[in-house]
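All values below were derived from every heavy atom in this structure, side-chain atoms included, with hydrogens, water molecules and symmetry-related copies excluded.
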Amino acid sequence: MCSPGEAPPGPAPAGDLPPEWETDDERMAFLFSAFKQSREVNSTEWDSKMAFWVGLVLARGRQRGAVRTCLRELQNGFERRGSVPLGLGTVLRELLRRGKLQRESDFMASVDSSWISWGVGVFILKPLKWTLSSVLGDSKIPEEEEVLIYVELLQEKAEEVYRLYQNSALSSHPVVALSELRSLCAGLCPDERTFYLLLLQLQKEKRVTILEQNGEKIVKFARGLHAKVSPMNDVDIGVYQLMQSEQLLSQKVESLSQEAEKCKEDARSACRAGKKQLETSATRNVNRCRCQLEYFRCPHLSKALRCLKSKRRTERRIEELHSKLDAVQGILDRIYASQTDQMVFNAYQAGVGALKLSMKDVTVERAENLVDQIQELCDTQDEVAQTLAGVGINGLEMDTEELEKELDSLLQDSSKDSVDLPPAPQKVLSPPISDAELEAELEKLSVSAGDLAQNTPSAASEPKTALGLNL
C-alpha cells in the first residue's frame with residue numbers, strides 16, 4: 001500500500017501548480033493525454049510533456065516532504081476537473097530509469113539488513129529478478145499502489161537525521177537505543193516506516209550499524225561527518241549496558257525522591273490532624289495523665305510516625321543508589337577518557353608513521369654531502385660571474401698589464417714636452433706713492449678732464465692718453 005492505514009492525500013494546492021493549470025485548457029488537455037507508444041513518432045511533443053510531468057512529480061515530493069509515493073497518490077494529487085493524467089505511469093517509469101525514483105522493495109533488498117523485516121513486518125528477499133533489474137533496468141510501469149521512493153529526498157532526510165543526532169545529548173556515546181532515536185526524530189519522520197527507510201539509507205552509506213541485543217535494537221553511529229562506522233563490538237555493548245544502568249538508577253533515584261517527599265507531606269498532614277484531636281481531648285478532659293495516654297493512642301500521630309520511618313528508609317535507599325550511580329558514572333568517565341586517549345594515541349602513531357616516511361631517505365651524511373654540493377655550486381657560480389664580468393664589449397679579451405705599461409709611457413712622454421710661457425718683466429717697480437700724492441693726481445685729472453670736455457666735445461670718442469702714474 002502507498003500509505004498503510006491512511007487515506008491518500010488530496011489534490012495539490014493551486015499555489016503548487018503551474019499557471020497554465022487553470023487558464024490554458026488546450027495545453028492541459030495535451031498534457032493529460034497518454035504518451036505515444038514510441039518517442040520517435042514526435043520526439044518534440046514527447047520530450048515537452050515528459051519534462052513537464054517530471055518536474056511536477058519531483059516538486060510535489062519536496063513540497064510534501066514525504067520520501068514515499070505511489071501512482072495512485074500522484075493521480076489523486078494531480079486530478080483536474082474530474083480527470084487524471086493518463087501518462088503518469090510512463091513518467092514514473094522514466095523516473096525509475098533515470099534513478100530519481102526507486103521501488104521500495106528494491107531499495108530494501110539492496111541493503112544488507114536482517115532487522116528491517118522484523119521492524120516493519122515485511123519479508124525481504126534478494127531474488128535473481130531484483131539483481132537483473134538493478135543491472136539491466138526495469139521497463140515495467142509501476143502498479144497503482146506500489147511504493148516508490150524519492151532517492152534524493154531520502155538522502156537529504158537521512159543526512160538531517162545524522163545531524164540531528166550529532167547535535168543532541170545522545171551523541172555523547174556512539175551507541176544509542178533505537179527507541180530513543182525514534183523519539184528524537186519524531187518531528188522529522190512522520191511514520192515509523194519512513195524512519196526505518198532513513199536508517200536503511202544511513203546503513204547503506206556505512207554511517208550507522210544496527211544490532212539486536214536481548215530483544216532491543218541498538219544503533220551505533222560513525223564518529224565524524226565523513227567517517228565510516230566500525231562494527232559493533234563487546235566494548236560498545238558493555239558501554240551501552242552501563243548507560244542503561246545509569247539511566248535506570250537515575251529514574252529510580254527520582255522515583256524514590258518523590259516517594260520520600262510524599263511521606264514527608266503525609267507525616268505533616270497526620271501531625272496536624274493529631275494535634276487538632278489532642279487539643280480537643282485536652283479541653284474535654286482535665287486530667288493531664290489522661291491527655292498523655294490519648295497522645296500515645298492517637299491514630300493520626302501513629303500514622304505520622306510510620307510516614308517518618310518510611311521516609312527515613314527511603315532516604316537510606318536513595319543514598320545507596322547515589323553511591324552506585326556515582327560508581328557507574330565514574331566507570332563511564334574512565335571509558336570515555338580511555339577512548340580519548342586511544343584516539344590521541346592513534347593520532348600520535350599516525351604522525352610517527354608519516355614522519356618516518358617523510359624522513360626515510362634523509363640522513364646526516366646525506367645532508368652534509370648536500371650542503372657541500374650546494375657550497376661548491378655557489379663557488380662555481382661566483383667564478384662564472386667574475387669571468388663574465390671581465391669580458392670586453394667587443395668580445396675580445398684585454399690584457400691589464402699591457403694597458404698599465406702603455407699608460408706609464410704616456411705619462412713619461414707628457415713630462416718631456418715644454419710649455420711656451422711669456423718672458424718675465426725686467427723693469428724694476430717704483431716704490432708705492434702716498435695717499436696725498438694720489439689725491440693730488442686725481443684732482444689734476446679731474447681738472448684736465450673738464451677743460452678737455454669744453455674744448456673738444458668729440459674727445460670722448462678718441463682714445464685716452466695714459467696717465468703719467470708710476471704704477
*Flag this pair as yes if the NZ/CZ of Arg68 is under 6.0 angstrom from the six-membered ring centre of Tyr150 and inside a 45 degree cone about the axis; otherwise no.*
no

*Taking side chain as C-beta onward, heavy atoms only, is Val57 less than 4.5 Å from Leu88?*
yes

*Distance only, no hydrogens: is a donor on one side chain within 3.5 Å (strictly under) of an acceptor on the other, for Asp326 and Ser323?*
no

*Please determine which of Arg317, Arg313, Lys311 meets the side-chain hydrogen bond (donor to acceptor under 3.5 Å, both in side chains) test together with Glu315.*
Lys311

*Does a side chain donor of either Lys157 or Thr194 reach within less than 3.5 Å of an acceptor in the other side chain?*
no

*Would you say the side chains of Gln201 and Glu205 form a donor-acceptor pair under 3.5 Å?*
yes

*asked:* When you compare the side chain of Glu45 with that of Lys49, does any pair of heavy atoms fall below 4.5 Å?
replied: no

*Flag the pair Asp25 and Arg80 as a salt bridge only when some basic side-chain nitrogen lies within less than 4.0 angstrom of an acidic carboxylate oxygen.*
yes

*Could you tell me whether Glu146 and Arg72 make a salt bridge, using a distance below 4.0 angstrom between a side-chain N and a carboxylate O?*
no

*Is it the case that more than 12 heavy atoms not belonging to Gln75 sit under 6.0 Å from its CD atom?*
yes

*Ser83 side chain to Glu79 main-chain N or O, any donor-acceptor pair under 3.5 Å?*
no

*Derivation and outcome, ring-ring contact (aromatic ring centres under 6.0 Å, His included), residues Phe32 and Trp21*: CA-CA 11 Å; Phe32 269 62; Trp21 190 271; 5.5 Å; yes

_Just to verify, what does Asn346 make a side-chain hydrogen bond (donor to acceptor under 3.5 Å, both in side chains) with, not counting sequence neighbours?_
Gln342

*Okay, side chain of Lys204, backbone of Leu199: is any donor-acceptor separation there less than 3.5 Å?*
no

*With a 4.0 Å cut-off, would you call Glu192 and Arg182 a salt bridge?*
no

*Taking all heavy atoms of Leu184 and all of Ser168, pick out the closest pair and write down the distance.*
CD2-OG, 3.6 Å

*Are Glu259 and Lys264 ion-paired here, with the side-chain N under 4.0 Å from a carboxylate O?*
no

_Glu160/Arg163 salt bridge by N-O under 4.0 Å criterion_ = no

*Glu320/Arg316 salt bridge by N-O under 4.0 Å criterion*: no

*Do Trp53 and Phe30 have their ring centres less than 6.0 Å from each other?*
no

